[in-house]
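When a residue number appears, it is its place in the shown sequence, counting from 1. Indexing begins at 1, ligand by ligand and atom by atom, following the structure's order.
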Amino acid sequence: MARETILVVEDEEDIRELLRYNLEKEGYRVLGAATGEEALQLVRDRLPDLLVLDLMLPGLDGLEVCRRIRGKEDTRGLPILMLTAKGEEADIVAGLELGADDYLTKPFSPRVLLARLRAVLRRRRLQIPPETESVKTGELVVHPGRHEVLLHGQPLALTATEFRLLHLLVRKPGWVFTRARLCVRFTGAIIR
Ligand code: CA
């Protein structure tokens with residue numbers, strides 16, 4: 001299974017590096033951001049699988065980052081685990097209402113954080129509806145459930161990677177995907 005990418009958004013370097021160390025030890029790929037702006041940029045460019053998001057950030061704060069991620073169609077479902085300081089109950093409520101999946105108050109134990117993070121990822125995996133609806137564009141029909149592609153009613157022979165690429169592209173007509181973005185999306189698949 002491809003390693004999941006976790007984006008850690010935290011302006012305090014010590015905490016960010018502590019999280020990086022613990023997550024990498026568990027086999028996750030880790031990206032770090034010290035500001036909300038940097039976090040949004042990485043979410044766009046690298047499509048992480050989960051965000052660990054500190055609420056108290058300079059500039060754009062965590063709540064605003066959460067709001068912007070939830071407000072965009074292609075990042076709406078991104079799992080978010082919030083980090084808050086003690087005594088920020090109002091922020092916890094606001095964050096959960098904005099769609100954060102869970103929260104931890106600082107100081108936290110890395111083991112508890114890992115357990116919460118795994119639980120969030122597990123819940124999200126169960127919620128993702130299977131993309132089984134067929135997509136039609138012009139004379140091309142892609143049936144993800146059957147792993148079948150028809151062009152003018154005739155089946156095409158595609159490899160699994162070609163199929164996934166085509167399925168992604170027909171669902172996003174007009175969109176431009178960079179090679180890097182596709183590679184991140186299909187970690188493990190070699191795209192030439
Ligand atoms: Ca902070």
- Partner set under side-chain hydrogen bond (donor to acceptor under 3.5 Å, both in side chains) for Arg20, not counting sequence neighbours: Glu17
Mind listing the side-chain donor-acceptor pairs of residues 47-60 below 3.5 Å, one per line with the distance, residues two or more places apart or on another chain?
residue : atom : partner : partner atom : Å
Asp49   : OD2  : Thr5    : N            : 2.7
Asp54   : OD1  : Lys106  : NZ           : 3.1

- Message: Within the structure provided, determine whether His143 and Val135 are in side-chain contact (heavy-atom separation under 4.5 Å).
- Response: no
- Task: For Arg118, check side-chain contact (heavy atoms from CB on, under 4.5 Å) against everything at least two apart and list the hits.
- Result: Glu26, Tyr28, Leu114, Arg122
- Query: Is it true that atom CZ of Arg76 has more than 12 heavy atoms of other residues, nucleotides or ligands lying nearer than 6.0 Å?
  - Reply: yes
- Hey, which protein N/O/S atoms does the Ca ion (ligand 1) have under 3.0 Å? Asp11 OD1, Asp54 OD2, Met56 O
- Message: Could you tell me if the side chain of Arg29 sits less than 4.5 Å from the side chain of Glu24, heavy atoms only?
- Response: no
